[in-house]
Engineer: 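Here's a structure for you.
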Amino acid sequence: MAKLTFEFPDGSQRAFETPVTVVQIAQSIAVSLGKKALAGKLDEQLVDLEQPLEQGGHLQIITDQDPEALQILRATGAQLLATAVKKQFSEIKLGQLAVDEDGFYVDTDKADRQISVDELATITKKMQQMIKQNAVIERHWLSQEDALAEIGSDQYQRALLEARQQTKFLFYKINGVLTLAQTVIAPSLKALKHFKLLSVAGAYWQGKSSNPMLQRVYGTAFYQEADLQADLQQRQEAHERDHRVIGNNLDLFFVDPKVGAGLPYWMPNGATIRRTIERYITDKEVANGYQHVYTPVLANLDLYKQSGHWDHYREDMFPPMTMDDDEQLELRPMNCPSHIQIYNHHIRSYRELPLRIAELGMMHRYEKSGALSGLQRVREMTLNDGHTFVAPEQIQDEFKRILNLMVDVYHDFDIDNYTFRLSYRDPQNTEKYFDDDEMWNKAQAMLKGAMDDLGLEYVEAEGEAAFYGPKLDVQTKTALGNEETLSTIQLDFMLPERFDLKYVGEDGQEHRPVMIHRGLVSTMERFTAYLIEIYKGAFPTWLAPKQIQIIPVSEEKHGDYAHHLNEQFTALKLRSSVDQRGEKMGYLIRDAQTHKIPYTIVVGDDEKQQQTVSVRKYGEDDSRSLSVADFEKEILQDIATYSRNE
């Protein structure tokens, strides 16, 4: 009889006669290990506890003490969820069952209607009943013919099965329901006590927008109830910070699918925030030597062919528009070729360098429907973009200057949760990058040298560079815990070569400049979404869409004083308004707090007579009586210091 040899984590080896399973191997090592075993990990691949092993290799017995245990528990939750929905809706079809870092999900499809969130409680009860009964999980290995017969008309399960290069297929059977195994699950349901079905949402089959839309049911599970409750609390916090939720509550923006997915409308409140950011950034850049420009949102396709964007980013660009003279126009996906045209419009001298060009440039990207999300992922965006053209010897000084400007901007927005990442090309896969080894080595060394000179900590990441050069990425954690790139500085030796950029040097000869791409705060859409979430909608005074809400105790008695104050504040360019709804005072004050207005002012008999204001600051319980002059001094100082209170 043939034998298979397995090597264990401690380096020992043992041979077993076939057929043999993980649980049999675990029991042979120790009876207690056999009882604790959840699955096996053979050559880094999880295998079911009762899977007959066909080859030897490095084998680890997984118990609830291993990192993989939570994944297995959640996979068990997904399998039980699939069983429960099949018991609830016998004709339902099942798509993917999967585990991710947040929990698990099951994709479903019903002919009459999809599963609603109101039905999650009924499905949960079915799952809890099977867990309480410790329903037996049977393993069945079926031939492809038998498996296809079992699946029947479920085209999704059929597609999953046919994609596998196997002769035998594992099915799990719980309470009489047989479903295709897509992940490795635990030997029993006894540990699956602390779970929660979370939500339902649409999801394209296999993530492709050309495929049918299925209904995805989300859930999560933990070994301990305390961990589950902590996770649910964190999810609630994330929901409260979700920029889409806050954006709706504060009437900042909306997206109407009738008009177009990924095309946000900025309401007056959101437009005020965005306009304030744009003015701040423009003034900051002009003060730092940038020349602001406007360039067309359309360009001849040949421009992007010359730049290389058509070759490298074609899938992310909209289809070209053919005009009546056969010219092909393209909605621009990048601003850099436009700024190159600005540079090339005149003969440049070394005396002009560094030449800094900036723009709040609108761009369009062909994002897939499933990737669109509020303001964070859109199809039309305005990038805070800048390009500096430098002589080679100016690279490091300009890099440091840009980085210092970035840090200054972060300080004004009270952003301190960020890290630096130097992004290099992948030395093992250089085909997708501009072909110039000397350029890459030189550019990467320059960035590293500049960071070292500044004494900043950073990580180095191979394979994260742009196709035309290395870059510095500033990484941040959003309020929802996702990592994203907030800012970037990129060196580019390629585009000056492709566009034959030149400057006349001190020696009277033509020389090639180097191009530095940089974005201080990403796009207006993504940056606003980021700020909404980190501020939780409570914008600092200088950014708040409405800075002052004036509430007269009586419109008849105190309305004239309230309107006089409003005129006085707006003359100081403060964003102020009078609440004339005539509702009860307590309601109006609470409403101002709900809308996170920085300053609420109440005026009654005393305030009118003494020419004062009763001021309540957002987040504070008590009001203060101030003279109008003192209040103006306070709020103007608040705005001037970007609400940092330093």
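What you see is a predicted model; the values in this text were computed from it and never measured. Residue numbers run from 1 in the order of the sequence given.
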Engineer: Between Gly34 and Gln27, which heavy-atom pair has the shortest distance, and what is it?
Structural biologist: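 Shortest heavy-atom separation between Gly34 and Gln27 comes out as CA-CG, 3.8 Å.
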Engineer: Contact between Val22 and Gln51 at the side-chain level, heavy atoms closer than 4.5 Å - yes or no?
Structural biologist: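 Result no, sub-4.5 Å side-chain heavy-atom pair not found.
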Engineer: To the nearest 0.5 Å, how far apart are NE2 in His140 and CD in Glu50?
Structural biologist: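 Rounded to the nearest 0.5 Å, the NE2-CD separation comes to 10.0 Å.
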Engineer: Listed by chain and number, what are the salt bridge (Lys or Arg N to Asp or Glu O under 4.0 Å) partners of Arg377, not counting sequence neighbours?
Structural biologist: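 Partners of Arg377 by the salt bridge (Lys or Arg N to Asp or Glu O under 4.0 Å) criterion, ordered by chain and then number, come out as Glu367.
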Engineer: How about Asp227 and His194: does a side-chain donor come under 3.5 Å of a side-chain acceptor?
Structural biologist: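 No donor-acceptor contact under 3.5 Å links the two side chains.
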Engineer: Counting N and O atoms only, with roles assigned by atom type, does the side chain of Gln157 sit under 3.5 Å from a partner on the main chain of Leu94, one being a donor and the other an acceptor?
Structural biologist: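 Judged by distance alone, yes, a pair lies under 3.5 Å.
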Engineer: Looking only at side chains, do Gln60 and His58 share a donor and an acceptor under 3.5 Å apart?
Structural biologist: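 No donor-acceptor contact under 3.5 Å links the two side chains.
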Engineer: For Gln55 and Phe6, which heavy atoms make the closest approach, and how far apart are they?
Structural biologist: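 Shortest heavy-atom contact: O-CE2, 3.5 Å.
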Engineer: Can a donor-acceptor pair be found between the side chains of Glu460 and Tyr424 at a distance below 3.5 Å?
Structural biologist: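 Checked: Glu460/Tyr424 side chains pair up, N/O donor to acceptor below 3.5 Å.
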Engineer: For the residue pair Leu59 and Pro9, what are the closest heavy atoms and their distance?
Structural biologist: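 Looking at all heavy atoms of both residues, the shortest contact is O-CD, 3.3 Å.
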Engineer: Run the salt bridge (Lys or Arg N to Asp or Glu O under 4.0 Å) test against Asp112 and tell me which residues pass, sequence neighbours left out.
Structural biologist: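 Salt bridge (Lys or Arg N to Asp or Glu O under 4.0 Å) check on Asp112 returns Lys110.
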Engineer: Side chains of Ser12 and Glu7: do they bring a donor and an acceptor to under 3.5 Å?
Structural biologist: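 Looking only at side-chain atoms, Glu7 and Ser12 do not form any donor-acceptor pair under 3.5 Å.
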Engineer: For side-chain hydrogen bond (donor to acceptor under 3.5 Å, both in side chains), just list the numbers for Gln133 and Gln129, CA-CA rounded to whole Å, side-chain angles, deciding distance to a tenth of an Å, and then say yes or no.
Structural biologist: CA-CA 6 Å; Gln133 297 164 359; Gln129 288 171 357; 5.4 Å; no
Engineer: I'd like to know if Glu119 pairs up with Arg113 as an ion pair, taking the criterion as any Lys NZ or Arg NE/NH1/NH2 lying under 4.0 Å from an Asp or Glu carboxylate oxygen.
Structural biologist: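 Salt bridge present between Glu119 and Arg113.
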Engineer: Please check this pair: side chain of Asp100 against backbone of Gly103, looking for a donor-acceptor N/O pair closer than 3.5 Å.
Structural biologist: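 Answer holds: yes.
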Engineer: Please enumerate all residues that pass ring pair (Phe, Tyr, Trp, His ring centres under 6.0 Å) together with Phe222, with sequence neighbours excluded.
Structural biologist: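 Ring pair (Phe, Tyr, Trp, His ring centres under 6.0 Å) list for Phe222, sorted by chain: empty.
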Engineer: Between Asn211 and Trp205, is there a donor-acceptor pair closer than 3.5 Å when you use the side chain of the first and the backbone of the second?
Structural biologist: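 Yes; at least one donor-acceptor contact below 3.5 Å.
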Engineer: Closer than 3.5 angstrom, by distance alone: can the side chain of Glu54 be matched with the main-chain N or O of Pro19 as a donor-acceptor pair?
Structural biologist: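 Flag not set: sc Glu54 to bb Pro19 has no pair under 3.5 Å.
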Engineer: Has Tyr265 got more than 12 heavy atoms of other residues, nucleotides or ligands less than 6.0 Å from its OH?
Structural biologist: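 Not buried by this count: 12 neighbours or fewer within 6.0 Å.
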Engineer: Does a side-chain heavy-atom distance below 4.5 Å link Phe171 with Leu142?
Structural biologist: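 Counting from C-beta outward, Phe171 and Leu142 do come under 4.5 Å.
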Engineer: Under the side-chain hydrogen bond (donor to acceptor under 3.5 Å, both in side chains) criterion, do Tyr410 and Asn417 qualify, and how do the steps go?
Structural biologist: CA-CA 10 Å; Tyr410 298 161; Asn417 181 25; over 6 Å; no
Engineer: Judged by atom type as modelled, is there a donor-acceptor pair below 3.5 Å linking the side chain of Arg241 to the main-chain atoms of Glu237?
Structural biologist: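 No; judged by distance alone, with no hydrogens or angles, the pair does not exist.
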Engineer: How far apart are the closest heavy atoms of Glu525 and Pro264, and which atoms are they?
Structural biologist: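 Shortest heavy-atom contact: CG-CG, 4.4 Å.
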Engineer: How close do Leu189 and Ile137 get, counting heavy atoms only, and between which atoms?
Structural biologist: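 Closest approach of Leu189 to Ile137, heavy atoms only: CD2-CD1, 3.7 Å.
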Engineer: Is the backbone N or O of Asp107 less than 3.5 Å from a side-chain atom of Tyr156, with the two atoms forming a donor-acceptor pair by type?
Structural biologist: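 It does not hold such a pair.
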Engineer: Is it the case that over 12 heavy atoms from other parts of the model lie below 6.0 angstrom from the CD atom of Glu315?
Structural biologist: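 No.
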Engineer: Is a side-chain donor-acceptor pair under 3.5 Å present for Tyr172 with Asp48?
Structural biologist: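 On atom types as modelled, these side chains qualify, holding a pair under 3.5 Å.
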Engineer: For residues 71-88, which side-chain N or O atoms pair as donor and acceptor with protein atoms under 3.5 Å away, sequence neighbours left out?
Structural biologist:
{"from": "Arg74", "atom 1": "NE", "to": "Ala221", "atom 2": "O", "distance (Å)": "3.0"}
{"from": "Arg74", "atom 1": "NH1", "to": "Glu101", "atom 2": "O", "distance (Å)": "3.4"}
{"from": "Thr76", "atom 1": "OG1", "to": "Ile72", "atom 2": "O", "distance (Å)": "2.7"}
{"from": "Thr76", "atom 1": "OG1", "to": "Ala186", "atom 2": "N", "distance (Å)": "2.9"}
{"from": "Gln79", "atom 1": "NE2", "to": "Thr179", "atom 2": "OG1", "distance (Å)": "2.6"}
{"from": "Thr83", "atom 1": "OG1", "to": "Gln79", "atom 2": "O", "distance (Å)": "3.0"}
{"from": "Lys86", "atom 1": "NZ", "to": "Ile92", "atom 2": "O", "distance (Å)": "3.2"}
{"from": "Lys87", "atom 1": "NZ", "to": "Asn175", "atom 2": "O", "distance (Å)": "3.4"}

Engineer: Using modelled atom types and a 3.5 Å cut-off, is there a donor and acceptor pairing between side-chain atoms of Gln182 and backbone atoms of Gly95?
Structural biologist: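 A pair under 3.5 Å: yes.
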Engineer: Using the side-chain contact (heavy atoms from CB on, under 4.5 Å) rule, take Ile185 and Thr183 through it: C-alpha gap first, then chi angles, then the decisive distance, then the call.
Structural biologist: CA-CA 6 Å; Ile185 71 173; Thr183 55; 4.3 Å; yes
Engineer: Would you call Glu533 and Lys536 a salt bridge, taking side-chain N to carboxylate O under 4.0 Å as the test?
Structural biologist: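 A salt bridge is absent here (no side-chain N lies under 4.0 Å from a carboxylate O).
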Engineer: So Met381 and Arg526, do their side chains get closer than 4.5 Å, heavy atoms only?
Structural biologist: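 Sidechains of Met381 and Arg526: no contact.
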Engineer: Pair Lys35, Val31 - check side-chain contact (heavy atoms from CB on, under 4.5 Å), show working.
Structural biologist: CA-CA 7 Å; Lys35 293 179 179 179; Val31 174; 4.0 Å; yes
Engineer: Which residues satisfy the ring pair (Phe, Tyr, Trp, His ring centres under 6.0 Å) test with Trp141, sequence neighbours excluded?
Structural biologist: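 If we apply the ring pair (Phe, Tyr, Trp, His ring centres under 6.0 Å) test to Trp141, skipping adjacent residues, there are no hits.
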Engineer: What are the two closest heavy atoms between Leu161 and Ala147, and how far apart are they?
Structural biologist: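 Reported closest heavy-atom pair: CD1-CB, 3.3 Å.
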Engineer: Please report whether the ring centroid of Phe527 lies less than 6.0 Å from that of Phe413.
Structural biologist: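 That pair passes the under 6.0 Å test.
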Engineer: Can you name the residues that form a side-chain contact (heavy atoms from CB on, under 4.5 Å) with Leu383, not counting sequence neighbours?
Structural biologist: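 side-chain contact (heavy atoms from CB on, under 4.5 Å) list for Leu383, sorted by chain: Asn335, Met363, Asp385, Thr523.
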Engineer: Measuring from Gln166:CD to Ser143:OG, what's the distance to the nearest 0.5 Å?
Structural biologist: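 Spacing of CD (Gln166) from OG (Ser143) equals 12.5 Å.
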Engineer: Test Asp473 against Thr485 for side-chain hydrogen bond (donor to acceptor under 3.5 Å, both in side chains), laying out the working first.
Structural biologist: CA-CA 6 Å; Asp473 291 321; Thr485 300; 4.7 Å; no
Engineer: Check the side chains of Tyr530 and Thr476 for a donor-acceptor pair under 3.5 angstrom, ignoring hydrogens and angles.
Structural biologist: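 There is such a pair (donor and acceptor under 3.5 Å, judged by atom type) between the side chains of Thr476 and Tyr530.
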Engineer: Whether the Tyr204 and Lys368 side chains hold a donor-acceptor pair (N or O, under 3.5 Å, no angle test) is what I'd like checked.
Structural biologist: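 Side-chain D/A pair, Tyr204 to Lys368: absent.
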Engineer: Using side-chain contact (heavy atoms from CB on, under 4.5 Å), reason through Arg379 and Tyr366 one step at a time and then give a plain yes or no.
Structural biologist: CA-CA 6 Å; Arg379 287 175 171 155; Tyr366 187 80; 5.6 Å; no
Engineer: So Thr419 and Tyr458, do their side chains get closer than 4.5 Å, heavy atoms only?
Structural biologist: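 Contact flag for Tyr458/Thr419 side chains = no.
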Engineer: Run the salt-bridge test on Asp154 and Arg158 with the 4.0 Å N-O cut-off and return the result as yes or no.
Structural biologist: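 Result for this pair is no, no salt bridge flagged.
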Engineer: Please determine, by modelled atom types, if Gln233 and Gln229 share a side-chain donor-acceptor pair under 3.5 angstrom.
Structural biologist: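 No.
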Engineer: Can you tell me how far the CZ atom of Arg314 sits from the CD atom of Glu330, to the nearest 0.5 Å?
Structural biologist: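 So the CZ of Arg314 and the CD of Glu330 are separated by 10.5 Å.
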Engineer: Can Lys41 and Glu68 be counted as an ion pair, charged N to O under 4.0 angstrom?
Structural biologist: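 A salt bridge is present here (some side-chain N lies under 4.0 Å from a carboxylate O).
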Engineer: Please answer whether the main-chain N or O of Leu375 pairs with a side-chain N or O of His243 as donor and acceptor at a distance below 3.5 Å.
Structural biologist: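 Looks like yes, one N/O pair under 3.5 Å.
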Engineer: Should Ile131 and Asn134 count as side-chain neighbours, where that means a heavy-atom distance under 4.5 Å?
Structural biologist: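 No, too far: nothing below the 4.5 Å cut-off.
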Engineer: Answer yes or no: is there a donor N or O on one side and an acceptor on the other, between the side chain of Ser373 and the main chain of Gln376, under 3.5 Å?
Structural biologist: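 Answer holds: no.
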Engineer: Among Arg421, Lys477, Gln475, which residue meets the side-chain hydrogen bond (donor to acceptor under 3.5 Å, both in side chains) test with Glu483?
Structural biologist: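 Of the listed residues Arg421, Lys477, Gln475, the side-chain hydrogen bond (donor to acceptor under 3.5 Å, both in side chains) partner of Glu483 is Gln475.
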Engineer: Can a donor-acceptor pair be found, under 3.5 Å and without considering hydrogens, that links the side chain of Gln96 to the backbone of Ala98?
Structural biologist: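 Judged by distance alone, no pair lies under 3.5 Å.
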